[in-house]
Amino acid sequence: MSESTDKNTGTSTGSTGSTGSTGNGDLTVVHLMRHGEVHNPEGVLYGRLPGYQLSELGRRMADRVGEHLASRDIVHVGASSLERAQETAQPIAKPHGLDIATDDRLLEAENVFQGKTFGVGDGALRRPENWKHLVNPFKPSWGEPYVEQVVRMMGALDAAKDAARGHEAVLVSHQLPIWIVRSYVEKRRLWHDPRKRQCTLASLTTFTYLGDKIVSVGYSEPARDLVPAHLLAGAKPVKGKGAPQGKAFGA
């Protein structure tokens, strides 16, 4: 399985590999969508904390993707129970007359730094009380193991594939779990440089199934023009006050 990316549009299309025998010839598409921008003026690593909702810009991002997907054959929309995911899912589900299926397998990764500010250039990595949580980036030691994220996210994908068999589904989740499950499917190592995640706000990571087998993975950014430049994949981190917090630990 391979993919190519259009640097101008931020869109990549997975190429279909050998499908083998699936026992079922239908194609099903499941889009994993990252939520829109969150209102977070204090720069808190909000993780699974309640009360963090979309900003006005985040709502515009969600609306844009809803418009982008309005003509698609979507029969199932799911989201984690966190407010930002539920709010992002609303304009996705509405054009199709669908209810949102809440699935907490789509939750943000657990994180010991939840509720704290932990950003680029704030000295957090030099604080001795944090060192015990940073000893193993391969697991990682600061939060939910990558392998556990793969298990639950694959479960959510499989359930959505079954619910939408022969059609399309959208699941609204969070950056780190989306990137980890994509890395697993594309047979990359799970530990990674967080600055190189291709999972921008309101982006779509798309899995195409032939029967029960994933045969391609694609990526697109329907709201790319609304995303602040420093939050796009591969952008250089912003230091100092107002910098985005905790990118290394998911969002």
Side-chain angles (χ1 to χ4, degrees), residues 10 30-70 72 74 76-111 113-119 153 156 160 169-179 194 197-206 219-233 235 238 241-251:
V30 181
H31 307 277
L32 270 181
M33 179 180 177
R34 185 183 172 194
H35 60 79
E37 184 191 63
V38 176
H39 179 66
N40 183 21
E42 301 302 320
V44 172
L45 181 62
Y46 37 75
R48 295 183 176 183
L49 292 175
Y52 284 88
Q53 301 179 330
L54 293 183
S55 65
E56 180 57 36
L57 178 59
R59 294 181 186 279
R60 288 171 57 201
M61 292 176 180
D63 288 342
R64 173 70 63 78
V65 181
E67 294 168 1
H68 175 75
L69 295 174
R72 302 296 290 262
I74 293 169
H76 178 80
V77 176
S80 84
S81 59
L82 294 170
E83 289 98 324
R84 59 192 185 272
Q86 292 283 317
E87 290 172 353
T88 299
Q90 288 170 9
I92 310 301
K94 186 175 179 180
H96 305 280
L98 298 172
D99 293 328
I100 299 168
T102 299
D103 187 344
D104 277 342
R105 288 174 293 190
L106 299 168
L107 275 172
E108 176 61 285
E110 292 182 334
N111 194 308
F113 296 112
Q114 177 176 288
K116 302 177 181 179
T117 57
F118 198 100
M153 290 294 287
V170 180
L171 301 177
V172 182
S173 187
H174 307 266
Q175 185 191 58
L176 181 54
I178 293 173
W179 181 248
R197 293 174 190 158
Q198 190 182 42
C199 190
T200 296
L201 290 166
S203 61
L204 296 172
T205 300
T206 300
Y219 176 79
S220 60
E221 298 173 351
R224 182 180 176 86
D225 61 305
L226 298 177
V227 179
H230 67 276
L231 295 179
L232 292 170
V238 177
K241 187 176 181 181
Q245 301 295 317
K247 185 174 180 181
F249 305 102

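With rounding to the nearest 0.5 Å, the separation of CG in L49 from CG in N40 is 10.0 Å. To the nearest 0.5 Å, the span separating CZ on R60 from CG on L54 amounts to 13.0 Å. Rounding to the nearest 0.5 Å places CG of L176 at 12.5 Å from CG of L107. Taking CD of Q53 as the reference point, atom CD of E87 lies at 4.5 Å (rounded to 0.5 Å). Distance check, rounded to the nearest 0.5 Å: CE of M61 to OG of S203 gives 10.5 Å. Atom CG of L171 and atom CE of M33 lie 11.5 Å apart (nearest 0.5 Å).
In the model, S80 has no side-chain atom that pairs as donor or acceptor with a side-chain atom of E108 under 3.5 Å.
In this structure, T200 and Y219 have side chains that are in contact, with non-hydrogen atoms separated by less than 4.5 Å.
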For V227 and E221, run side-chain contact (heavy atoms from CB on, under 4.5 Å): C-alpha distance rounded to whole Å, both residues' side-chain angles, the deciding distance at 0.1 Å, then the answer.
CA-CA 9 Å; V227 179; E221 298 173 351; over 6 Å; no
Under the side-chain contact (heavy atoms from CB on, under 4.5 Å) criterion, do L82 and H35 qualify, and how do the steps go?
CA-CA 10 Å; L82 294 170; H35 60 79; over 6 Å; no
Applying side-chain contact (heavy atoms from CB on, under 4.5 Å) to V65 and V170, what does each step give before you reach the verdict?
CA-CA 11 Å; V65 181; V170 180; over 6 Å; no
With side-chain contact (heavy atoms from CB on, under 4.5 Å) as the criterion, how do L32 and M153 come out once you've worked through the C-alpha distance, each side chain's angles and the decisive distance to 0.1 Å?
CA-CA 10 Å; L32 270 181; M153 290 294 287; 3.9 Å; yes
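Among the candidates L106, D103, I100, D104, the single residue satisfying the side-chain contact (heavy atoms from CB on, under 4.5 Å) test with S81 is D104. Shown are R34, R224, Q175; of these, the side-chain contact (heavy atoms from CB on, under 4.5 Å) with L201 is made only by R34.
Side-chain N or O atoms of E83 include one that pairs as donor or acceptor with a backbone N or O of G51 at under 3.5 Å. Proximity of a side-chain donor or acceptor of T88 to a complementary backbone N or O of G36 within less than 3.5 Å is detected.
Here the shortest heavy-atom pairing between P222 and L204 reads CG-CD1, 3.8 Å. Considering every non-hydrogen atom in both S55 and E37, the closest pair reads OG-OE1, 2.6 Å. When every heavy atom of R197 is checked against every heavy atom of W179, the shortest pair comes out as CG-CD1, 3.6 Å. Of all non-hydrogen atoms in G66 and P95, the two that sit nearest each other are O-CG, 4.4 Å. Of all heavy-atom pairs spanning A101 and H76, the tightest one is CB-CE1, 3.7 Å.
More than 12 heavy-atom neighbours from other residues, nucleotides or ligands sit within 6.0 angstrom of CG on D225.
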